[in-house]
Protein chains: 2
Amino acid sequence: MEELDERKVKILNAIIQNYMETGEPVGSRTISKSSDLNLSSATIRNEMSDLEELGYIVQPHTSAGRIPSDKGYRFYVDHLIAEKDEEISDIKDLMIEKTEKMEKMLKQVVKVLANNTQYATMISAPALSGTKVKFVQLSQVNENQILSVVMMSGNIVKNKLIDVDEPLNSENMLKLNMLLNTNLNGLTVSDINLALISRMKAQAGEFEGIIEQVLQTVAETIGDEEMEIYTSGATNIFKYPELADSQKASEFISAFEEKEELRNLISDIETDGEKTGTGIQVYIGDESPIQTMKDCSVVTATYELGEGVKGTIGIIGPKRMDYKNVMDNLTHLKNQLDQMLKKADET
Amino acid sequence: MEELDERKVKILNAIIQNYMETGEPVGSRTISKSSDLNLSSATIRNEMSDLEELGYIVQPHTSAGRIPSDKGYRFYVDHLIAEKDEEISDIKDLMIEKTEKMEKMLKQVVKVLANNTQYATMISAPALSGTKVKFVQLSQVNENQILSVVMMSGNIVKNKLIDVDEPLNSENMLKLNMLLNTNLNGLTVSDINLALISRMKAQAGEFEGIIEQVLQTVAETIGDEEMEIYTSGATNIFKYPELADSQKASEFISAFEEKEELRNLISDIETDGEKTGTGIQVYIGDESPIQTMKDCSVVTATYELGEGVKGTIGIIGPKRMDYKNVMDNLTHLKNQLDQMLKKADET
DNA sequence: TATTAGCACTCTTTTTTCATGAGTGCTAAC
DNA sequence: GTTAGCACTCATGAAAAAAGAGTGCTAATA
């Protein structure tokens, strides 16, 4: 296991640090001068040669310096960051305005995070399919339309218009609402099965037809929704020359605009499960499940809104991103989010 | 007025046509051969020299061909497009899926339009401030919270949670709902003034306190919203070399991501009023109210959702955009939108 | 034995130079 | 009024040359 002695680790670290800052291949002379090892460039060269053979660094071409390989970054993330943890991490405080609207909050969160890190960011709204029904209300809007309003845990409100053949009188409407609330309260979409439906139909008596339509609608309202994703800072990519040529940039930004690929990315990540104990996951280069991002690294965190209901927040940037800063930011934010959402749910 | 004789017009037209296709400065020899004027390049050169003096075309540098100036494009848009109108315009049919959700529909519209034109597109949701209240419903969600749901013309539904000190019993809730609906139905935000409020308070009796809070909330629900804008195809900018260098592209795409500048653009345009009889407006280069877009042209259309309630749909592309195609597309789409929204409102 | 100075060699990057070609403006002839 | 002809300008691209960065290897050193 110990294929790297202490000195090699130090040199590898120095190379990565330097490359993170400059984005340029780093040569032996640079290391020789900048590090506190007091070794000549020739010695460093020998060590670098070894490190290359072991696959931690790579030479873009003969007579260029070395850059970290995916394996190198991986080593850095797994071993080197922890060592630095003693340092005081001074994250700019992530000021998030309080707002009860989930959508606004999420939009703000990605924006703040993008600003703070200078990378591209995304966040997925918690999938409704896992949330519970807190409250249902049908209202007769006019002769032929009923407005169904469903409130889920996390105070997410969804609504839909239902067309009906004939209006219900207010007494029946009241009954129907009672029926819906007593039966659906606390259930998730997957809980609404055939057995429940026929039970409710039986109770509905003459409104059996409407009940069916309503339940159908409720299910659609909650379940049918495709995963909502908010993004920010896609244009930060232009700050990193290795990603900024128009071909790549166009694809990258398109992916952020379309969001379809991001959706795939996120569902892959969510099924992937947690890799670290902290709820933070790091995908370096090819490790990322998505092709468009193979020159990037993706760091994600999962926030929770009660049992089983999760959303994902992620940062996408160059492989030489500041992993420490990014992970700290995400941890911080994840905690803040968990707290806020829990509070919103309690009320 | 007649500073351009027929031949000059023909030459100008040929230059513009050619430049639109190629994006390259066009020289005298090209015109001499391509047009049906049967003139030598020397003659064309003389005419081009005149056209330049008059400001319709411009030379990027000595020994380059000419490109149209803003004035040239303006002439083209004002005079030359009309002449071509006999041609059958074969717009690909803009297939828009029916959906009762305004948001989904608008998102789809910009996407289709961007696909169809290959330019960047945007659409503003109709400002709620002008729409009318169609239906209000308060529901007791739990001891301390009331959910207010407001439905506006166009079937736009907004909701908000209100915190209250003590729950209302169902009878009082019913009264309150009646009161709200009878008083607010058909009103716009600006109609909800102090006089109305005090009148309603008087009618509310013991629930005066709640009424105030509710009305406040309703006003917020409807009025406070900032203009919602959906965009698509921002990365199409990379298809036009004159706009595709990373500096410009980054700014451009950022503007589309942030949407703040677009909001300004749209409100400028909306106050600007209609310039043409068709409801289509064209801003060429510097004519555009916004700095970031000074190398682009902006073409917009206004769609309506009943009296005074407007939204704007726009296309942003290079100055050499295919104005005819764009304007036709917008006209077509505007009609379709007007129709759809009218229908949604009737039900 | 580990380290280092020295040097030849490689490969990229930048600069310079040069040739090419597109396009113009002007003049003189038609 | 139109056109052929020609000198001139300027962008573009290729080729050549120069400069720099960095390596790998060898031989000397501690």
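Note that the coordinates shown come from a computational prediction; the quantities given were computed from them, not determined experimentally.
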Tell me whether the side-chain N/O atoms of [X] come closer than 4.0 Å to OP1 or OP2 in [N].
{"X": "A/Ser63", "N": "D/dG22", "answer": "no"}
{"X": "B/Arg29", "N": "C/dG21", "answer": "no"}
{"X": "A/Arg45", "N": "C/dG6", "answer": "no"}

**Message:** For a quick check under 3.5 Å, do A/Gln281 and A/Tyr283 share a side-chain donor-acceptor pair by atom type?
**Reply:** yes
Report yes or no: do B/Tyr56 and B/Glu3 form a side-chain donor-acceptor pair below 3.5 Å?
yes
- Query: What do the steps show when you test A/Arg74 against A/Glu287 for salt bridge (Lys or Arg N to Asp or Glu O under 4.0 Å), and what is the final call?
  - Reply: CA-CA 10 Å; A/Arg74 171 54 60 196; A/Glu287 296 172 9; 2.5 Å; yes
For the side chain of [X], counting heavy atoms from C-beta on, which of [options] is nearest?
{"X": "A/Ser28", "options": "D/dT23, C/dG25, C/dT24", "result": "D/dT23"}
{"X": "A/Arg66", "options": "D/dA11, D/dT2, D/dG24", "result": "D/dG24"}
{"X": "A/Ser49", "options": "C/dT24, D/dC10, D/dG24", "result": "D/dG24"}
{"X": "A/Thr62", "options": "C/dC11, C/dT4, C/dG25", "result": "C/dC11"}

Mind checking whether A/Phe75 and A/His79 have parallel, tilted or perpendicular rings, split at 30° and 60°? tilted
Whole-Å distance, B/Asn46 CG to C/dA28 P, equals 15 Å
Nearest-nucleotide check on DNA chain D, B/His61 vs B/Ala42; residue mapping nearer the 5' end is B/Ala42
